[in-house]
Amino acid sequence: MIRLVLTRLAGFVLTLFAASVVLFVTINVLPGSAAKSALGIHATAQAIQRFEAQHGLDRPLLVQYAEWLGRILQGDFGTSFQNGVAVGPELLKRLPVTLELATFAFIIANLIAIPLGAWAARRHQKGADRSITFLATILGAIPNFWLATLLVLVFTLTLRWLPPGGFTPFTANPMMNLKQMIMPALSLGVVSSALLIRIMRASMLEVLSTDYVRTAEAKGASSRTIVFRHSMRNAFIPYLNVAAVEFGFLFGSVVVIEDIFLLPGVGSFVLVGIINRDYPVLLAGALAITLFVLTLNLVVDLIASLLDPRQVKARNA
Amino acid sequence: MDIRSRALQDGRPTLSIRDLTVDFPKRDGAFRAVDGVSLDVWPGEIVGVIGESGSGKTMTALSTLRMLPKRAVVSGSIELGQRRILDLSPADMRKLRGDRLSFIPQDAMRALNPTMRIGRQVGEPLVLHRNLSFKAAVSRAVDLLRAVHVREPERRVEDYPHGFSGGMQQRAMIAMGLALEPELIIADEPTTALDVTVQAQVLKLLKEIRDREATSILFITHDLGVVAELCDWVYVMYRGRIVEQGSVERIFMDPRDDYTKMLLASTPTLFPREAAI
Amino acid sequence: MSDTVIQIAGVTKSFLRGVNAVDDVTLSVARGETLGIVGESGSGKSTLLRMILRLIRPSAGSITLDGRDVWAASGRDLKQARRQMQAVFQDPASSFNPRQSIGAILAAPLEVHGIGDRASRARRIGETLERVGLPATTVSRYPHQLSGGQRQRVAIARAVIMRPAVVLADEPTSALDVSVQAQVLKLFREIKDELGLTSVFVSHNLAVIREVSDRVAVMRHGKLIEIGTAERVFTAPESDYTRALIDAVPDPFRRFRAPVELESGS
Amino acid sequence: MATAAGFDFRRWRLVLLGGLLVGIVLFAAIFAPWVAPYSPFDLDVAKMLQGPSAAHWLGTDELGRDVLSRAIYAARISMQVALLAVTVGLVGGTLIGMTAAYFGGLVEQALMRAMDLLFSFPAILLAVVLMASLGTSVLNAMIAIGIVFIPGFSRLARASTQAVLRQQYIEAARSIGMSDIRIIFREILPNITAPLMVEAAVAFAYAVLLESALSFLGLGAQPPDPSWGNMLSTGRGFMAQAPWLSIVPGMAMFICVLGFNLLGDGLRDVTDPHMRE
């Protein structure tokens with residue numbers, strides 16, 4: 001068991017390290033000049049040279065990476081090219097916002113997907129299954145930033161129930177925090193649920209067609225018992241793994257959603273970094289989002305492994 | 001010599017199927033998988049149904065369990081004891097399965113839930129039909145596993161199926177089927193996936209169970225050898241119909257139907273055929 | 001009759017976990033004979049066959065075909081070896097590419113070895129199909145349109161179309177119903193005699209092995225337990241394992257006399 | 001697979017419905033100059049922010065341009081980006097996946113590790129970072145989105161190839177001495193195209209979404225060139241006065257994505273052997 005956790009953790013660290021290399025290299029071969037966007041288009045050649053020397057941009061990439069990694073490991077994410085603000089503390093301030101958004105969105109997506117997907121599978125090729133599949137098809141075709149726009153149109157501009165955006169810490173004003181969070185979380189969660197419904201339905205269908213479900217039926221188990229005692233756990237194992245990966249894949253949308261709802265999270269930090277070509281900001285933000293996704297995958301993967309006695313045993317052996 | 005000695009028995013057969021027909025509707029008409037099958041299984045008897053693929057033997061077995069695919073259209077009558085199986089409500093049918101009537105499938109590895117401990121699976125019929133707690137059911141499962149010769153059953157009930165060998169998995173399935181001392185066990189090719197040496201052990205176990213508990217067994221197979229070793233009475237099926245029935249001795253010594261004769265002639269053997277007399 | 005076609009010497013295949021799938025097997029196959037290899041699952045019989053076919057590389061030992069090392073061969077020698085040795089596989093459902101017609105499937109070995117032109121290949125395919133008892137129209141059909149027995153006839157056609165010296169068969173009738181199995185085995189024996197083939201026939205079914213083999217090798221856990229003429233192995237087995245295996249077979253004719261084989265002219 | 005009995009409408013209905021929606025979008029994209037009632041660039045300050053009317057069915061934008069015409073021209077950009085991006089992803093992913101599965105060992109390890117890594121980045125984030133690196137333009141958007149698709153296609157191609165490699169016809173091909181290249185192109189590729197085509201349809205939908213998101217963020221098509229993403233982005237500024245500016249581009253994306261998703265689902269059902277009778 002401990003071995004299983006350690007193996008997964010090692011994989012997690014390795015992937016994170018490799019991801020940092022990819023991000024660093026990609027961002028540092030940017031053709032657009034950071035100096036120009038920091039200093040303005042009319043900056044002189046000397047000013048640019050001075051800027052690059054000051055930020056160490058004129059040295060070999062490998063050296064730059066090693067230094068950057070070294071500093072990051074000490075918690076120093078550098079300073080913004082744009083305004084000289086330290087990136088680390090700023091990132092730390094923004095992390096809870098995105099964490100809250102991600103958590104809500106993931107919970108919403110699963111709350112919708114698990115029961116609907118399981119129900120659809122149980123009613124395979126019946127009315128309920130067709131309706132749920134149809135719903136998933138419709139939801140899956142809605143761009144989440146359009147859904148966000150429509151939600152604002154309805155709940156803010158027309159009904160005037162919810163604020164258009166912004167962020168209040170939960171500790172400062174829980175009610176306000178939730179009011180501001182609900183639309184962004186729905187935009188991300190509802191659209192992601194479309195894919196998760198399909199995954200849950202497919203996993204459950206697979207299990208329901210197995211011989212061991214037939215055995216349970218032959219023992220005289222009711223359809224309820226079959227679903228809850230014999231199928232849920234087995235369907236969850238593939239569901240969780242796939243769901244986490246797919247959710248992570250879709251999670252990049254925080255960049256757009258945070259922009260729409262003026263949430264001061266990591267996503268909008270990345271966007272600012274891109275628009276201003278602010279390397280330290282962009283790198284730190286992108287790394288943080290990747291970290292989110294990898295952590296989610298790690299946690300879910302461990303849960304799925306625990307559910308599967310074959311894996312627990314295989315890793316221990 | 002085809003006097004059914006068993007017909008002289010007192011009382012009624014455990015299972016009695018009359019004019020069973022199973023149709024699968026298709027776009028152009030219907031496919032008739034079982035065509036007017038009648039058969040009986042008497043108390044304490046092992047009855048073999050032998051046929052090649054597509055003969056309808058498995059469909060006959062599944063009809064008895066009422067576990068056919070939903071689109072199948074069934075007619076005729078099936079009686080287990082006094083109960084008319086085809087007329088039972090789904091809830092009443094469920095109460096019968098695993099209690100008075102149990103099923104042993106072909107592939108035990110797939111038939112066991114990979115994420116549930118053996119003890120819980122073997123004991124589950126007691127939970128479903130006798131309202132036992134899982135704890136009590138698992139302690140009963142220890143006895144059941146011992147009865148099918150699984151070693152160290154106290155420890156084995158805690159195992160998951162992947163820790164069992166193929167033969168042990170099939171023993172666990174048999175133990176599960178015996179949990180409530182059913183009137184009839186339906187076994188669908190239960191030894192086909194096993195190696196011959198393991199198969200021999202499982203067949204021996206089934207005979208032993210019949211002798212000990214006087215359970216009736218309906219045994220579905222494509223293997224003439226298995227029928228010869230195990231069964232008392234044989235039905236030969238071909239294209240949805242029963243073409244011949246008789247005691248196992250009669251079928252092998254004096255086959256009358258052309259299909260049965262062809263089947264016998266086709267079966268490879270370790271004992272070379274005698275020259276024509 | 002006693003010249004050796006296949007010589008297997010000290011062949012071992014070890015997989016990762018230190019278990020030997022095939023463990024130091026030495027045996028030979030003489031020209032024109034059929035060697036049956038029998039064993040339960042995990043005995044290594046199929047792995048051994050695949051090593052002869054050059055599909056799995058042995059960890060140790062040598063396999064020679066007509067005196068040439070199969071695994072050391074390359075270029076022309078390898079092509080020659082491949083031409084000499086053809087295979088029939090078990091699963092009639094997966095042993096053909098579902099997107100190719102039977103004609104294309106049968107033409108493939110001829111094309112690979114550059115035998116004949118279009119017309120002569122077509123002629124040869126027609127003759128071979130006829131020989132295995134399939135109508136000439138089969139060329140334009142696809143595998144899923146054929147029954148299991150018909151597919152195994154095509155498999156035999158694919159193996160003999162190259163006019164090889166050796167045919168290696170891996171459980172070729174295990175997925176078939178007994179009545180079809182009997183027909184396919186009969187065809188196999190006829191073709192073998194007609195072409196004077198040497199063959200290795202792997203099966204878990206002792207009775208099938210007895211029917212087709214001149215000599216029989218019994219394997220267990222990767223080891224060769226015993227080898228001898230079919231008559232000897234089945235009537236006077238030397239090892240306890242072979243004895244146990246024979247006793248375990250549920251053979252209907254142990255209890256009841258075997259009927260005379262039908263003249264199956266079908 | 002239409003049978004002699006006639007065209008099976010039920011089986012193909014999703015493909016037909018998806019095809020219809022996709023057809024409408026493609027038609028608009030290809031024949032935009034003829035279909036669109038106005039030029040997408042013609043300004044008319046006198047007519048700015050007018051609601052839907054007989055002259056302008058879907059109203060006008062903040063510069064008095066015809067919204068319908070802009071939405072039609074935007075389809076062009078979306079289709080171009082999606083087509084090229086899917087091609088990049090499909091070709092790149094298939095080559096990588098097939099190579100990995102066929103050669104196995106270290107080659108496979110290295111390639112698939114790299115794909116896992118690429119897949120661990122959220123899609124939009126990766127596209128955004130690549131766009132930042134490559135510079136904002138439509139061509140770069142195509143490349144960035146294409147790269148995002150490579151890991152998905154490569155995993156699918158690898159899994160499908162592995163499934164084919166387990167089939168005995170591969171062993172048969174090897175045993176007759178067929179070369180690797182010939183096995184890959186003659187035996188494997190034709191048998192993995194169906195799942196790849198299904199995935200391509202779904203990827204097309206996702207490419208449209210990604211392109212719109214990039215343009216929405218100002219990283220894709222640049223104004224005044226119309227794209228659904230930048231139309232929505234501008235429209236949000238006038239949400240209270242002119243909601244149609246937000247609704248129209250979203251609706252266009254929705255129809256387009258829905259069409260490709262339905263097409264993908266339909267193709268999956270049609271090509272899935274389990275769905276066949």
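Because the structure is a prediction, the values reported are computed rather than measured. Chain A is the first sequence line, chain B the second, and so forth, proteins listed ahead of strands; every chain is numbered from 1.
Within 6.0 Å of CZ on C:Arg68 lie more than 12 heavy atoms contributed by other residues, nucleotides or ligands. Within a 6.0 Å radius of CD in C:Gln145, other residues, nucleotides and ligands contribute more than 12 heavy atoms.
Within residues 46-61 of chain C, the residues that have a heavy atom under 4.5 Å from a heavy atom of chain D are C:Arg50, C:Leu53, C:Leu55, listed by number. Residues of residues 165-175 of chain D placed with any heavy atom under 4.5 Å of a heavy atom in chain C are listed by number as D:Gln167, D:Gln168, D:Tyr169, D:Glu171, D:Ala172, D:Arg174, D:Ser175. The contact list for residues 90-102 of chain D toward chain C, using heavy atoms and a distance under 4.5 Å, is empty. Of residues 180-197 of chain D, those residues lying under 4.5 Å from chain C by any heavy-atom pair are D:Arg182, D:Arg186, D:Glu187, D:Pro190, D:Asn191.
Annotation: maximal heavy-atom pairing with chain D below 4.5 Å, among C:Asn97, C:Val112, C:Ile105, occurs at C:Asn97. Each of C:Ala93, C:Pro143, C:Ala108 has some count of heavy-atom pairs under 4.5 Å with chain D, and the biggest count is that of C:Ala108.
Residue C:Phe96 touches chain D through its backbone alone, counting heavy-atom pairs closer than 4.5 Å. With a 4.5 angstrom heavy-atom cutoff, C:Ala155 does not touch chain D via any of its atoms. Contacts of C:Arg83 with chain D are absent, with no heavy-atom separation under 4.5 Å from either backbone or side chain. With a 4.5 Å cut-off on non-hydrogen atoms, C:Gln90 touches chain D through its backbone and its side chain both.
Atom CD1 of D:Ile176 sits about 7.0 Å away from atom CD of C:Gln86, to the nearest 0.5 Å.
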